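Values in this document were obtained by computation on a predicted structure and should not be read as measured data. Convention: sequence-line order gives letters A, B, ...; per-chain numbering from 1.
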Amino acid sequence: MERYNFKLIEDKWQSLWNKDKTFSAKIDKNKKKFYCLEMFPYPSGKIHMGHVRNYTIGDVLARYKALQGYNVLHPMGWDSFGMPAENAARQNKLDPKSWTESNISKMKFQLKKLGLSIDWDREISTCSPDYYKHQQQFFLELYDKGLVYRKEEYVNWDPIDQTVLANEQVIDGKGWRSGAVVERKKLNQWFFNIKRFSEELLQNLDMLNQWPNKVKIMQKNWIGKSFGCEINFQIESSKNVSEIRCFTTRPDTLFGLSFLALSVDHPLAKFYENNKEFVKFKKQCSSTGTTEESIANAEKIGFKTDLVAINPLDKNIKVPVYFANFVLMDYGLGAVFGCPAHDQRDLDFAKKYNLKVKPVVTPNYDDLNFDIEENAYTGPGYIFNSSFLNGLKCPDESIIKTIDYLEKNKLGEKKINFRLKDWGISRQRYWGCPIPIVYDNKGNPKKIPSNMLPVELPKIDQLEPTGNPLDKADDWKKIKIDNVDYIRETDTLDTFVDSSWYFLRFCSPNKTDYGFDNDEVKYWMPVDQYIGGVEHAILHLLYSRFFMHALSYKNEEIDLLEPFTGLFTQGMVCHETYKDFENNWVSPDEIETINGKKYLKNNKSKEVKVGPSESMSKSKKNTIDPEEIIKNYGADSARLFILSDSPPEKDVQWSEEGIVSSFKFIQKLWNLNSKIFEEIKKNHEKDNDNEIEKYTNKFLKKITDNLENFSYNKIIANLHEMYSFLSKQINKNYKKNTLIENYQKILIAMTPVIPHFSNECLVMMDSKETAWPSYDQSLLKENIVNIVIQINGKKRGLIKTQPNISEENLLNKINGDEMLFKYLDKKNIKRKIFIKDKLMNIII
RNA sequence: GGGGCGAUGGCGGAAUUGGUAGACGCGUUGGUCUUAGGAACCAAUAUUUUCGGAUGUGAAGGUUCGAGUCCUUUUCGCCCUACCA
């Protein structure tokens with residue numbers, strides 16, 4: 001039998017799809033559209049297994065939807081601005097543009113080898129001026145709508161490299177490349193007013209019922225809405241301070257007040273700037289490490305001021321005011337009141353400084369001696385020790401009543417706070433979208449007129465190792481508008497801006513006068529299914545949602561707020577890790593397996609240590625190159641395996657055995673196909689029974705259901721079952737037409753997963769993929785059912801019978817069954833539970 | 001500290017609304033064919049057994065005729081988040 005030549009056949013189909021523009025999408029208002037989008041890649045130069053998985057999942061869906069008759073939009077592009085290009089360019093003294101473009105062409109070649117049903121005519125690249133000029137236009141629009149503003153904000157400054165560092169470039173408080181201690185530096189930066197939409201972004205999450213709950217919860221926590229109130233505390237002081245305002249979610253614990261704590265960045269800090277002790281304290285606060293753990297475990301420390309705060313509910317309670325390291329300026333008002341009895345941080349702080357701990361919530365109504373020892377009590381209960389609040393149920397009743405009282409007496413007011421901060425979009429980098437702003441000689445910002453867009457990046461042949469290249473590009477920086485001299489903004493936009501609207505651009509990628517065409521967007525948007533990694537659960541997805549809100553804001557043309565109807569987050573691709581005897585990571589290609597043990601290829605006496613399977617990463621050397629896999633096994637094998645072992649939302653383990661088995665399975669399918677081809681030629685007259693037809697119907701139902709639920713791993717199992725069924729049944733002399741008809745349906749159902757193979761087989765059958773085969777409900781019914789017989793809830797046997805058997809008839813059969821009757825003989829039946837065609841449970 | 005998810009054979013994983021636990025694949029074992037096989041094909045594969053059964057879905061309870069599935073408690077693992085007042 002002829003071997004399946006995947007190279008020949010995959011090439012043939014790929015060039016056919018290319019030539020015919022099979023996947024090119026056009027608006028057709030008579031057809032229902034389906035917009036299938038996978039997160040576009042950063043052009044690093046090589047695709048990795050994560051891409052293979054992501055794009056295979058998306059491709060299965062896109063092909064399935066197309067067969068179902070949807071007008072499918074399935075585009076691809078490049079998230080091509082960003083730091084790797086800039087780093088590579090600095091290192092190799094070349095131009096980020098050519099580096100990026102060469103990477104794109106390499107990766108495009110690799111992606112095409114996967115046989116994806118992508119409309120390559122819509123390819124976009126965010127680093128192209130054709131793309132980013134529209135982004136600059138959007139920036140100006142948002143500016144006009146008041147959604148863009150400038151303010152001073154701290155950045156991580158590397159004093160040696162003379163550059164701003166991203167958070168992930170700061171390692172243990174030091175610059176990742178220079179090793180210099182990172183300084184906090186205040187810079188004027190641009191912000192998108194995402195807070196403006198906090199409430200909408202939170203509320204709309206409820207409508208996104210095709211999003212994973214996990215992602216919605218993460219976004220909800222990120223937005224972080226909390227209900228509380230702001231309270232005014234009168235201050236006694238020799239300084240010119242009369243009042244401090246605090247935000248709290250627990251006003252009902254106000255009688256437990258024992259101190260106020262301020263952030264060192266609080267405006268009142270100005271009174272202490274000349275106080276040496278305070279300056280020392282402030283330094284100490286900023287020097288506690290930046291790692292998450294060290295922040296959480298840092299000791300609570302404070303600086304005591306000479307201010308005294310008065311409890312608004314009882315003028316006789318006077319407490320000290322501290323600056324404290326655990327109070328953040330950018331949440332609430334940068335000032336909190338301390339109630340040590342019912343907040344662990346406050347308790348830690350109070351213990352250190354010997355402050356009063358007065359419990360005001362007791363878990364039990366009658367327990368008025370309730371006291372606090374090691375742990376603050378944060379649970380529910382009843383208010384006590386609190387004058388007129390005593391006895392109120394906490395927290396529901398007590399919080400409402402307290403706020404009520406505070407408002408009536410003008411001591412404070414109800415307030416909703418969000419954790420979400422405005423989106424800082426300035427990056428002090430070269431390889432990004434220039435911000436279309438100029439400054440006059442007084443430093444006032446001015447928009448670049450729309451007709452002067454795009455603001456293109458200047459070409460710089462050699463990036464120097466340090467500093468911001470745009471800041472040094474003197475010729476570029478100077479610009480005349482209407483004969484007035486200006487200096488350009490030298491910051492570029494965060495690359496998250498680029499990816500916040502690319503899904504709109506795909507709808508009309510060639511439109512020159514605006515970022516998108518309204519009619520096209522109205523037809524294609526929203527994205528019906530968005531597929532990508534869960535690592536983008538918060539920022540990218542939230543920013544994209546914000547961007548849609550911002551574009552729609554004050555614009556009646558656009559009435560779309562949520563860009564992604566469905567979201568699917570796929571798991572990672574993992575691989576075993578290997579280490580040699582010197583504990584160095586070893587790559588899978590350096591290893592040979594002999595008798596189940598793994599040895600170094602170049603030194604077969606040395607066994608390697610097999611570590612746990614972890615997500616593929618270069619540092620652990622456990623990556624597998626997709627290009628090699630496709631070269632050796634073909635795209636269909638790779639697609640089959642990447643889907644087979646685990647549900648798409650979970651991590652999958654790549655294994656050599658696995659890919660080999662997928663490869664072999666395709667060969668088996670090919671052999672089966674050849675046998676069927678021979679059978680058809682024989683042209684049998686006999687039409688045995690409708691066995692094959694029934695099987696096909698069941699198969700189609702399973703595949704369809706599994707496609708609908710993203711249970712792609714089960715589809716592969718279904719294919720194996722189908723193979724095993726057909727290879728056993730094929731010599732039963734089916735009538736030619738019956739066989740062809742059913743086998744064709746099966747082949748079409750296989751095309752989403754292994755498109756090259758299935759299409760080739762279809763052509764052999766003188767057919768081609770057209771429509772998704774429907775199944776006949778009536779053929780799903782079984783002729784014979786297995787009914788489980790339980791005695792006292794334990795399974796004791798099975799009865800094979802016709803469907804719809806009555807309880808009495810079944811009981812007769814049970815009594816006629818030797819094995820079952822012995823359990824029932826001379827026993828009193830107390831109760832019978834009968835579920836038609838499924839089960840009979842007899843209680844004796 | 002807060003939040004989320006999960007725990008099923010040697011491994012990855014199946015199991016519509018509670019109703020035959022372990023589909024399918026990998027691995028392992030035995031066999032057939034072969035000069036040979038790391039090929040192909042066939043068979044077996046949760047544990048235990050006195051071959052009648054008994055026990056089995058991290059642990060302990062509960063609801064139910066019946067629980068992998070529902071409820072309570074608990075242990076462990078992974079992920080997210082980080083002093084959020």
With respect to the side chain of Ser646(A), which nucleotide from U81(B), G13(B), C26(B) is positioned closest?
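Selected nucleotide (nearest to the side chain): G13(B).
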
What is the separation between atom CH2 on Trp654(A) and atom P on G12(B), rounded to the nearest whole Å?
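Trp654(A) atom CH2 is separated from G12(B) atom P by 18 Å.
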
Distance, rounded to the nearest Å, where Leu262(A) contributes CG and A85(B) contributes C1':
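Going from CG in Leu262(A) over to C1' in A85(B) covers 13 Å.
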
Write out a two-atom table: protein N or O, nucleotide N or O from nucleotides 60-67 of chain B, distance below 3.5 Å.
unit_1: C65(B); atom_1: OP1; unit_2: Arg831(A); atom_2: NH1; d: 3.1
unit_1: C65(B); atom_1: O2'; unit_2: Asn841(A); atom_2: ND2; d: 3.3
unit_1: C65(B); atom_1: O2; unit_2: Asn841(A); atom_2: ND2; d: 2.4

Mind checking salt bridge (Lys or Arg N to Asp or Glu O under 4.0 Å) for Lys415(A) and listing every partner two or more places apart, or none if nothing turns up?
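With neighbours one apart ignored, the set is Glu230(A).
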
Return the residues of residues 697-718 of chain A meeting this criterion: a heavy atom under 4.0 Å from some atom of RNA chain B. Order them by number, or give none.
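By residue number: Asn713(A), Lys714(A), Ala717(A).
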
Which of residues 330-342 of chain A sit near RNA chain B, with a heavy atom under 4.0 Å from it?
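Under 4.0 Å from RNA chain B: Tyr331(A), Val336(A).
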
According to side-chain hydrogen bond (donor to acceptor under 3.5 Å, both in side chains), who are the partners of Glu656(A), at least two apart in sequence or on a separate chain?
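Only Tyr633(A) meet the side-chain hydrogen bond (donor to acceptor under 3.5 Å, both in side chains) criterion with Glu656(A).
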
Would you please name every residue forming a side-chain hydrogen bond (donor to acceptor under 3.5 Å, both in side chains) with Glu614(A), sequence neighbours left out?
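For Glu614(A), the residues satisfying side-chain hydrogen bond (donor to acceptor under 3.5 Å, both in side chains) (neighbours in sequence not counted) are Lys620(A).
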
At under 4.0 Å, does any side-chain N or O of Ser644(A) touch on OP1 or OP2 of G25(B)?
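False: Ser644(A) side-chain N/O out of range (4.0 Å or more) of G25(B) OP1/OP2.
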
Do NZ/NE/NH1/NH2 and the carboxylate oxygens of Glu153(A) and Lys421(A) come within less than 4.0 Å?
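Looking at Lys421(A) together with Glu153(A), the answer is no, because their closest N to O distance does not fall below 4.0 Å.
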
Which atoms of nucleotides 4-11 of chain B (N or O only) lie under 3.5 Å from a protein N or O atom, and what are those distances?
none

Tell which nucleotide pairs with A46(B), taking only Watson-Crick or G-U wobble pairs whose two distances are both under 3.5 angstrom.
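Looking at the geometry, A46(B) pairs with U55(B).
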
Protein proximity profile, nucleotides 37-57 of chain B - base contact B, sugar-phosphate-only contact S, no contact -, cut-off 4.0 Å on heavy atoms:
--SSS-----------SSS--

For Phe247(A), which residues count as a ring pair (Phe, Tyr, Trp, His ring centres under 6.0 Å) partner, sequence neighbours excluded?
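If we apply the ring pair (Phe, Tyr, Trp, His ring centres under 6.0 Å) test to Phe247(A), skipping adjacent residues, there are no hits.
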
According to side chain to side chain donor-acceptor pair (under 3.5 Å), does anything in residues 794-805 of chain A pair up with another residue at least two apart or in another chain? List the pairs.
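Residue pairs passing side chain to side chain donor-acceptor pair (under 3.5 Å), neighbours aside: Asn786(A)-Lys800(A), Arg796(A)-Tyr823(A), Asn804(A)-Lys836(A).
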
Salt bridge (charged side-chain N to carboxylate O under 4.0 Å, His left out) contacts in which one or both residues fall within residues 694-715 of chain A, not counting sequence neighbours:
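Salt bridge (charged side-chain N to carboxylate O under 4.0 Å, His left out) check on residues 694-715 of chain A returns Lys698(A)-Glu782(A), Lys701(A)-Asp705(A), Lys702(A)-Glu721(A).
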
Between side-chain atoms of residues 640-651 of chain A and protein atoms elsewhere (two or more places apart, or another chain), which donor-acceptor pairs fall under 3.5 Å?
unit_1: Ser644(A); atom_1: OG; unit_2: Phe641(A); atom_2: O; d: 3.0
unit_1: Ser646(A); atom_1: OG; unit_2: Asp651(A); atom_2: O; d: 3.2
unit_1: Asp651(A); atom_1: OD1; unit_2: Met572(A); atom_2: N; d: 2.8

